[in-house]
Amino acid sequence: MSKSKDFLRTIVENDLKSGKYKEIVTRFPPEPNGFPHIGHAKSIIINFGIANDYQGHCNLRMDDTNPTTEDTKYVEALKDAVEWLGFNWGDSICFTSNYFSKLYDYAIELIKMDRAYIDSLSEDEIREYRGSVTKSGKRSKYAERSIEENLDLFERMKKGEFKEGEHVLRAKIDMSAANMKMRDPLLYRIKHAHHFRAGDEWSIYPMYDFAHCLSDYIEGVSHSICTLEFENNRDVYNWVLDTLGLELPHPHQHEFARLNINYTVMSKRKLLELVQGGQVSGWDDPRLPTIAGYKRRGYTPESILNFCDQIGIAKANSMVDISQLEFCIRDDLNKKAPRVMCVLDPLKVTIENYKGREVIDAPYYPDDIAKDGSREMPFSNEIYIDRNDFMEQPPKGYYRLTPQQPVRLKHAYIIKCKEIIKDANGNISEIKAEYYPESKSGCDSSSIKVKSAIQWVEAKQAKPVELRLYDRLFKDEAPEGLEDINPNSLQIIKDALIEPAVVSDKFDERFQFEREGYFYADPIEYTDTNPVFNKIVGLKDSWNKKKKTTSNTPKCPIKKAQIDGEVIPMSTKQQGLFSRYTIDLGLNSEVANTLARDETLSNFYEKTLKKLHSPVALANIVVNEVARELKQVQVDELKFNAEQISELIKMIDDEIVSSKIAKQIFEQMAKTGENPIQIVEDKGLIQISDPAKILPIIDEIIIKNPDNVAKFKAGNSKLLGFFIGQVLKNTNGKANPKIVNTLVIERLK
RNA sequence: UGGGGUGUCGCCAAGCGGUAAGGCACUGGUUUUUGGUACCAGUAUUCGGGGGUUCGAAUCCCUCCACCCCAUCCA
């Protein structure tokens with residue numbers, strides 16, 4: 001856990017520390033209308049992970065408020081995903097549909113408070129009345145219905161007396177809110193649909209904005225973590241809980257950026273399209289980023305967990321490179337998977353000087369993996385090697401078998417090529433070779449040096465095996481649609497040859513096929529007579545890469561030209577202030593500009609000026625520090641006043657305190673409203689300017705950090721900040737930084 | 001365009017006024033009976049741009065720019 005904390009855990013820790021919540025409760029709240037994908041995995045890992053880290057609890061909740069799209073089979077897939085990733089949801093899973101009657105009661109409460117009403121506008125009218133992002137909306141005339149009428153209508157909606165679309169329940173908030181989500185959001189709609197759990201009991205179903213916050217509340221959730229697109233919904237979330245006057249503490253919503261990975265799609269809609277359109281074989285197609293797909297392909301839960309841990313959690317929309325995921329599965333399997341030999345594209349080799357046959361005992365793991373186990377490999381004069389591992393006219397740097405270059409058969413002998421047999425088309429059909437009898441693996445006395453060891457299988461006893469090689473589903477990094485599909489995303493090899501022990505021993509279900517990649521016995525279609533392996537991921541291949549990079553695309557760091565937008569011109573009044581500030585008071589134009597354009601700020605500034613004639617220093621603190629406070633609160637809410645600011649500046653002018661300390665004092669003033677002079681007295685913040693006091697500290701630091709001294713002397717001037725920082729730290733910030741600065745430079749000369 | 005967010009290496013991502021973490025990718029080298037693994041080394045004079053404040057700014061202030069989300073009776 002040396003890794004730095006993500007922002008959600010920081011929030012959780014602060015909330016725990018401040019006592020806002022006694023216990024951490026999170027939830028993973030998918031809608032059961034599709035198969036979960038790796039983006040859900042990220043959410044699962046965040047929610048369950050945080051609950052685990054802080055001894056809390058995470059609910060698995062099906063957000064089943066839309067009966068027309070949801071189904072039990074998705075519930076099962078979701079449960080399976082959570083379980084596979086190794087998390088536990090406790091006694092039972094939650095369903096929003098369990099709360100339908102509670103939710104209904106809350107809605108009635110809202111109606112009784114006159115904070116919700118039955119609207120009878122048509123769907124189109126509702127849309128029209130909502131306005132747009134730039135135009136405010138207008139409220140429906142039905143908003144004026146009496147509470148009694150609303151209550152009556154709502155009950156009849158529930159009973160199913162109306163057709164779909166005839167009425168809806170809406171919150172009464174603000175039709176001209178800048179946040180579109182707050183323009184009287186819909187709370188309930190009529191749906192005469194069969195719900196996969198609630199059956200036909202309900203004719204009305206709650207909307208997300210109403211159901212979600214209340215479900216969280218009902219379950220005692222403390223941190224309701226969702227993705228960025230719900231940021232605007234947070235206002236509604238809080239409105240519902242606040243308006244109902246629910247007992248504190250309320251749950252709080254926090255948003256993070258959803259996961260995107262290049263060369264794939266992550267939206268449920270697009271995934272559904274691929275499945276329904278037959279572009280893939282189903283939700284568990286190994287090319288899909290679904291949990292079912294990864295599982296079928298052979299990914300381990302650990303690799304997904306690790307991946308999510310590596311990519312972190314933040315609020316910036318981002319696109320993670322697929323190579324990061326591939327690294328994680330390789331990294332995991334490298335430690336776990338037994339190595340075996342499989343020849344994807346067999347080329348027959350006859351070893352002419354080898355007689356008889358033998359059985360070689362070959363370990364499953366290489367020396368650098370501390371695991372035991374071995375299998376028997378038959379060997380004879382007829383074997384197969386991969387067609388790639390022989391070249392008649394090799395390029396420079398080719399390590400494998402050539403007419404001139406011998407090669408080792410892994411775990412067996414060194415062979416050399418004697419003759420190349422070709423068919424009528426000139427294709428190589430067989431190699432005649434010779435072996436070196438004294439070169440056997442483990443007891444090699446031949447002293448022949450070879451550049452590499454290749455995989456092979458014995459011809460008679462090798463088993464045919466079907467291999468399914470997967471490539472990325474899309475050829476485009478950010479695919480838009482079906483036209484971006486990679487036509488070669490699936491390659492099936494029917495006649496690969498594998499060593500017999502893999503099928504007979506069943507040592508494991510995931511293997512590394514040496515020099516090829518990691519493969520997984522297909523959990524559904526594998527049989528002993530027709531073994532099928534899915535390629536999980538290839539090994540890194542620096543040879544292949546080297547060949548490709550010859551036609552490297554040169555990097556052209558085209559920097560987009562920054563366009564400077566137009567600045568709104570100043571009013572005449574502002575211009576007057578501006579020239580007074582620059583000409584009469586000698587402020588720089590930037591500070592004067594900021595001041596002149598901001599009336600609150602300039603008023604405040606004028607007041608400080610009355611107490612102290614130090615126009616530049618006062619302007620700086622007002623523009624930089626006071627402005628920050630004013631972003632949070634109104635002027636009349638400020639804890640400090642202009643007079644105190646003048647006092648603070650006076651102390652800087654009189655060199656009683658340094659500007660660094662002044663910031664510290666200012667922060668305290670902003671927090672408590674204490675008088676600056678009082679703060680200085682209480683804390684003894686008077687600055688130290690006496691070189692006699694500072695020098696010994698500098699010398700001590702110089703002795704303690706010989707490396708940095710050397711670096712500094714070698715020209716690393718950035719280190720000046722380090723030394724000054726150290727001195728300031730040693731004096732609790734009280735040393736006069738200007739003096740420290742000159743003293744340090746002098747000492748290190 | 002109103003509102004809400006986000007910009008730190010090719011891709012993720014720490015950092016919250018005092019030497020620009022880490023991972024992936026990439027490039028060298030060492031070890032290796034996997035062109036794998038492991039190990040070592042290299043890789044941002046600079047944090048979207050421009051100003052300002054400060055002894056000192058990725059961090060504070062101003063301003064501009066770019067991208068994402070919001071006008072489903074979806075979630």
*Asks:* For Phe327(A) together with Phe307(A), are the ring centres under 6.0 Å from each other?
*Replies:* no
*Asks:* Does a sphere of radius 6.0 Å around NZ in Lys451(A) hold more than 12 heavy atoms from other residues, nucleotides or ligands, not counting ones at 6.0 Å or beyond?
*Replies:* no
*Asks:* Whole-Å distance between rU34(B) P and Asp386(A) CG?
*Replies:* 17 Å
*Asks:* Under 3.5 Å for both donor-acceptor distances, Watson-Crick or wobble: does rU6(B) have a partner, and if so which one?
*Replies:* rA66(B)
*Asks:* Considering only side-chain heavy atoms of Arg189(A), which listed nucleotide, rC64(B), rC60(B), rC73(B), is closest?
*Replies:* rC73(B)
*Asks:* Can you tell which of rC74(B), rG52(B), rG2(B) lies closest to the side chain of Asn588(A)?
*Replies:* rG52(B)
*Asks:* Under the salt bridge (charged side-chain N to carboxylate O under 4.0 Å, His left out) rule, collect the residues that match up with Asp216(A), sequence neighbours excluded.
*Replies:* Arg27(A), Arg61(A)
*Asks:* Could one point to a donor on the side chain of Glu590(A) or the base of rU63(B) with an acceptor on the other under 3.5 Å away?
*Replies:* no
*Asks:* Is the distance from OP1 or OP2 of rU54(B) to the nearest side-chain N or O of Asn620(A) less than 4.0 Å?
*Replies:* yes
*Asks:* Show me the pairs that pass side chain to side chain donor-acceptor pair (under 3.5 Å) and involve residues 315-326 of chain A, at least two apart or across chains.
*Replies:* Glu231(A)-Lys315(A), Gln310(A)-Gln324(A), Asp321(A)-Ser323(A)
*Asks:* Taking atom C1' in both rG50(B) and rC69(B), compute the distance separating them and give it to the nearest angstrom.
*Replies:* 28 Å
*Asks:* Less than 3.5 Å apart, which donor and acceptor atoms pair up between the side chains of residues 704-725 of chain A and the rest of the protein, not counting sequence neighbours?
*Replies:*
from, atom 1, to, atom 2, distance (Å)
Lys704(A), NZ, Glu700(A), OE2, 3.3
Asn705(A), ND2, Ile701(A), O, 3.0
Asn716(A), OD1, Lys718(A), N, 3.3

*Asks:* On RNA chain B, compare the nucleotides closest to Glu625(A) and Glu70(A); which residue's is nearer the 5' end?
*Replies:* Glu625(A)
*Asks:* Which listed nucleotide (rA75(B), rU34(B), rG23(B)) is nearest to the side chain of Lys181(A)?
*Replies:* rA75(B)
*Asks:* Residues two or more places apart in sequence or in another chain: which of them pass salt bridge (charged side-chain N to carboxylate O under 4.0 Å, His left out) with Arg330(A)?
*Replies:* none
*Asks:* With a 4.0 Å cut-off on heavy atoms, is Val168(A) in touch with a base, just the backbone sugar-phosphate, or nothing at all?
*Replies:* base
*Asks:* Between Glu31(A) and Arg515(A), which has a closest nucleotide on RNA chain B that is more 5'?
*Replies:* Arg515(A)
*Asks:* Above 12 or not: heavy atoms from other molecules or residues under 6.0 Å from CG of Asp367(A)?
*Replies:* no
*Asks:* Who is the Watson-Crick or G-U wobble partner of rA41(B), with both distances under 3.5 Å?
*Replies:* rU27(B)
*Asks:* Of the nucleotides rC74(B), rA71(B), rA38(B), which one has an atom closest to the side chain of Asn66(A)?
*Replies:* rC74(B)
*Asks:* In this structure, how many angstroms lie between the P atom of rC73(B) and the OH atom of Tyr117(A), rounded?
*Replies:* 13 Å
*Asks:* Name all residues meeting the salt bridge (charged side-chain N to carboxylate O under 4.0 Å, His left out) criterion together with Lys734(A); count only those two or more places apart in sequence or in a different chain, and write none if there are none.
*Replies:* none
*Asks:* Ignoring the backbone of Glu514(A), work out which of rC60(B), rU34(B), rA25(B) is nearest its side chain.
*Replies:* rU34(B)
*Asks:* Once rounded to the nearest 0.5 Å, what's the spacing between atom CD of Glu31(A) and atom OG1 of Thr65(A)?
*Replies:* 6.0 Å
*Asks:* Restricting to salt bridge (charged side-chain N to carboxylate O under 4.0 Å, His left out), what partner residues turn up for Asp386(A), sequence neighbours left out?
*Replies:* none
*Asks:* For His411(A), what residues pass the ring pair (Phe, Tyr, Trp, His ring centres under 6.0 Å) criterion, not counting sequence neighbours?
*Replies:* none
*Asks:* Identify each atom pair where a protein N or O and an N or O of nucleotides 17-19 of chain B are less than 3.5 Å apart, giving names and distance.
*Replies:*
from, atom 1, to, atom 2, distance (Å)
rG17(B), O6, Lys663(A), NZ, 3.3
rG18(B), N7, Lys660(A), NZ, 3.2
rG18(B), O6, Lys660(A), NZ, 3.3
rG18(B), N3, Gly721(A), O, 3.3
rU19(B), O4, Asn708(A), ND2, 3.2

*Asks:* Is the shortest side-chain N to carboxylate O distance from Arg408(A) to Asp444(A) below 4.0 Å?
*Replies:* yes
*Asks:* Pick out the pairs of N or O atoms, protein on one side and nucleotides 28-33 of chain B on the other, that lie under 3.5 Å.
*Replies:*
from, atom 1, to, atom 2, distance (Å)
rU33(B), O2', Lys410(A), NZ, 3.4
rU33(B), O2, His411(A), N, 3.4
rU33(B), N3, Arg408(A), NE, 3.3
rU33(B), N3, Ser441(A), OG, 2.6
rU33(B), O4, Arg408(A), NH1, 3.0
rU33(B), O4, Ser441(A), N, 3.2
rU33(B), O4, Ser441(A), OG, 2.3
rU33(B), O4, Gly442(A), N, 3.2

*Asks:* Round to a whole Å and report the spacing from CG of Asp541(A) to P of rC26(B).
*Replies:* 11 Å
*Asks:* Is there a side-chain contact between Arg597(A) and the phosphate of rC62(B), meaning an N or O under 4.0 Å from OP1 or OP2?
*Replies:* no
*Asks:* Students often get this wrong, so: under 4.0 angstrom with heavy atoms, is Asn624(A) touching a base, only sugar-phosphate, or nothing?
*Replies:* base
*Asks:* Would you kindly give the CD-to-P distance between Glu229(A) and rG3(B), to the nearest whole Å?
*Replies:* 22 Å
*Asks:* Counting only heavy atoms and a strict 4.0 angstrom limit, can you tell me which residues of residues 307-319 of chain A come near RNA chain B?
*Replies:* Gln310(A), Ile311(A), Ile313(A), Ala314(A), Lys315(A), Ala316(A), Asn317(A), Ser318(A), Met319(A)
*Asks:* Check Glu164(A) with Lys191(A), please: is the shortest side-chain N to carboxylate O separation under 4.0 Å?
*Replies:* no
*Asks:* Side chain of Asn232(A) only, please: which of rG4(B), rG36(B), rC11(B) is the nearest?
*Replies:* rG4(B)
*Asks:* Before we go on, tell me: are the rings of Phe230(A) and Tyr237(A) under 6.0 Å apart, centre to centre?
*Replies:* no
*Asks:* Using a 4.0 Å cut-off on heavy atoms, which residues in residues 125-135 of chain A reach RNA chain B? List them by number, or say none.
*Replies:* Ile126(A), Arg127(A), Arg130(A), Gly131(A), Ser132(A), Val133(A), Thr134(A)
*Asks:* Got a donor-acceptor pair under 3.5 Å from the side chain of Arg234(A) to the base of rG4(B)?
*Replies:* no
*Asks:* Not counting sequence neighbours, which residues clear side chain to side chain contact (heavy atoms under 4.5 Å, CB included) with Ser120(A)? List them please.
*Replies:* Ile118(A), Tyr142(A), Arg145(A), His167(A)
*Asks:* Would you please confirm or rule out a distance under 4.0 Å between OP1 or OP2 of rG36(B) and any side-chain N or O of Ser542(A)?
*Replies:* yes
